[in-house]
A.B. asks: 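Quick one: the structure is below, questions incoming.
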Amino acid sequence: MPLLFPKRTKYRKMHRGRMKGKATRGSEVVFGDYGIQAMAPAWITGQQIEACRTTIARKTHRDAKIWIRIFPDKSVTKHPAEARMGKGKGPVDHWVAVVKPGRIMFEIAGVKEHEAKRLHELVSHKLPIPTRLKRKTVLGGEV
């Protein structure tokens, strides 16, 4: 499967922006039983998302379901190595998803709690930020 990136965008190159504040949306487990939640701000690359997806897919069985709640839609540009200064903004190098603290990045259903904990441990090694495993809440209480 090829790496994630948008089919088309209005503009190829973007400003870097800031990762200020906490996630206001996507901070609750909605689809699955367990979610992997970001605890720090970061840019998560398409390669990192794909590495997490393959890890989850390999360690779960056919009856398990996976949701990827982040998508790399921000372009990151880079000049080639040993290029002189100037000459404008470089070409698009890769794509990232802007992840703020509290954001649920992946959701899993159809696994037991000990399997979910093991999956979280394996996936957290693929990510550049600390994460935690969050259970689905129903009417204010834990499931």
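FYI, side chains are in, hydrogens and waters are out, and symmetry mates aren't considered; it's all heavy atoms of this structure. Numbers here are sequence positions counted from 1. It should be emphasised that the depicted structure is a prediction, and the values quoted were computed from it without experimental measurement.
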A.B. asks: Going through the distances and angles, do Glu107 and Ile66 end up as a side-chain contact (heavy atoms from CB on, under 4.5 Å)?
C.D. replies: CA-CA 6 Å; Glu107 290 190 27; Ile66 305 162; over 6 Å; no
A.B. asks: List, by chain and number, the other hydrophobic cluster members for Trp43, where Ile, Leu, Val, Met, Phe, Trp and Tyr join if side-chain heavy atoms come within less than 4.5 Å, directly or indirectly.
C.D. replies: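 Result for Trp43 is Met19, Val76, Val96, Val98.
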A.B. asks: Just wondering, are more than 12 heavy atoms of other shown residues or ligands nearer than 6.0 Å to NE2 in His114?
C.D. replies: yes
A.B. asks: Apply side-chain contact (heavy atoms from CB on, under 4.5 Å) to the pair Val29 and Thr137, showing each step before the final yes or no.
C.D. replies: CA-CA 7 Å; Val29 180; Thr137 55; over 6 Å; no
A.B. asks: Pro101 versus Met39: any side-chain heavy-atom pair under 4.5 Å?
C.D. replies: no
A.B. asks: What's in the same ILVMFWY side-chain cluster as Val30, cut-off under 4.5 Å, chained through other members?
C.D. replies: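 Phe31, Trp67, listed by chain and number.
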A.B. asks: Got a sec, which pairs hit side chain to side chain donor-acceptor pair (under 3.5 Å) with one end in residues 122-131, sequence neighbours left out?
C.D. replies: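 Pairs touching residues 122-131 that pass the test: His120-Thr131.
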A.B. asks: In the structure I gave you, are the side-chain heavy atoms of Phe71 and Leu4 within less than 4.5 Å of one another anywhere?
C.D. replies: yes
A.B. asks: Taking only residues at least two apart or on different chains, which pairs with a member in residues 72-92 satisfy salt bridge (Lys or Arg N to Asp or Glu O under 4.0 Å)?
C.D. replies: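 Checked against salt bridge (Lys or Arg N to Asp or Glu O under 4.0 Å) - neighbours excluded - no pair reaches residues 72-92.
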A.B. asks: Are the side chains of Cys52 and Phe106 in contact, using a 4.5 Å heavy-atom criterion?
C.D. replies: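 Phe106 vs Cys52: side chains touch.
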A.B. asks: With sequence neighbours left out, which residue pairs that include part of residues 11-39 fulfil the salt bridge (Lys or Arg N to Asp or Glu O under 4.0 Å) condition?
C.D. replies: Glu28-Lys134
A.B. asks: Determine which pairs satisfy salt bridge (Lys or Arg N to Asp or Glu O under 4.0 Å) with at least one residue from residues 91-103, sequence neighbours left out, and list them in order.
C.D. replies: none
A.B. asks: Can you list the residues that meet the salt bridge (Lys or Arg N to Asp or Glu O under 4.0 Å) rule with Arg118, with sequence neighbours excluded?
C.D. replies: Glu121
A.B. asks: Got Met85 and His79 here, is their nearest side-chain heavy-atom distance under 4.5 Å?
C.D. replies: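 The answer is no, as the side chains (C-beta and beyond) never meet within the 4.5 Å cut-off.
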A.B. asks: Taking only residues two or more places apart in sequence or in another chain, which ones pass side-chain contact (heavy atoms from CB on, under 4.5 Å) with Thr54?
C.D. replies: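 Once residues adjacent in sequence are excluded, the partners of Thr54 under the side-chain contact (heavy atoms from CB on, under 4.5 Å) criterion are Glu50.
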A.B. asks: I need the minimum non-hydrogen distance between Pro72 and Gly46, along with the two atoms involved.
C.D. replies: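 So the two residues come closest at CG-CA, 4.0 Å.
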A.B. asks: Would you check if Gln47 and Leu3 make a side-chain contact, meaning some heavy-atom pair closer than 4.5 Å?
C.D. replies: yes
A.B. asks: Residues two or more places apart in sequence or in another chain: which of them pass salt bridge (Lys or Arg N to Asp or Glu O under 4.0 Å) with Lys59?
C.D. replies: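 Scan of Lys59 (salt bridge (Lys or Arg N to Asp or Glu O under 4.0 Å), adjacent residues dropped) gives none.
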A.B. asks: Report yes if some heavy atom in the side chain of Tyr34 is under 4.5 Å from a heavy atom in the side chain of Val111; otherwise report no.
C.D. replies: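 Yes - at least one pair of side-chain heavy atoms lies under 4.5 Å apart.
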A.B. asks: Going by side-chain contact (heavy atoms from CB on, under 4.5 Å), name the residues that satisfy it together with Ile44, two or more places apart in sequence or in a different chain.
C.D. replies: Ala42, Gln48, Ile49, Ile70, Val99, Met105, Leu127, Pro128, Ile129
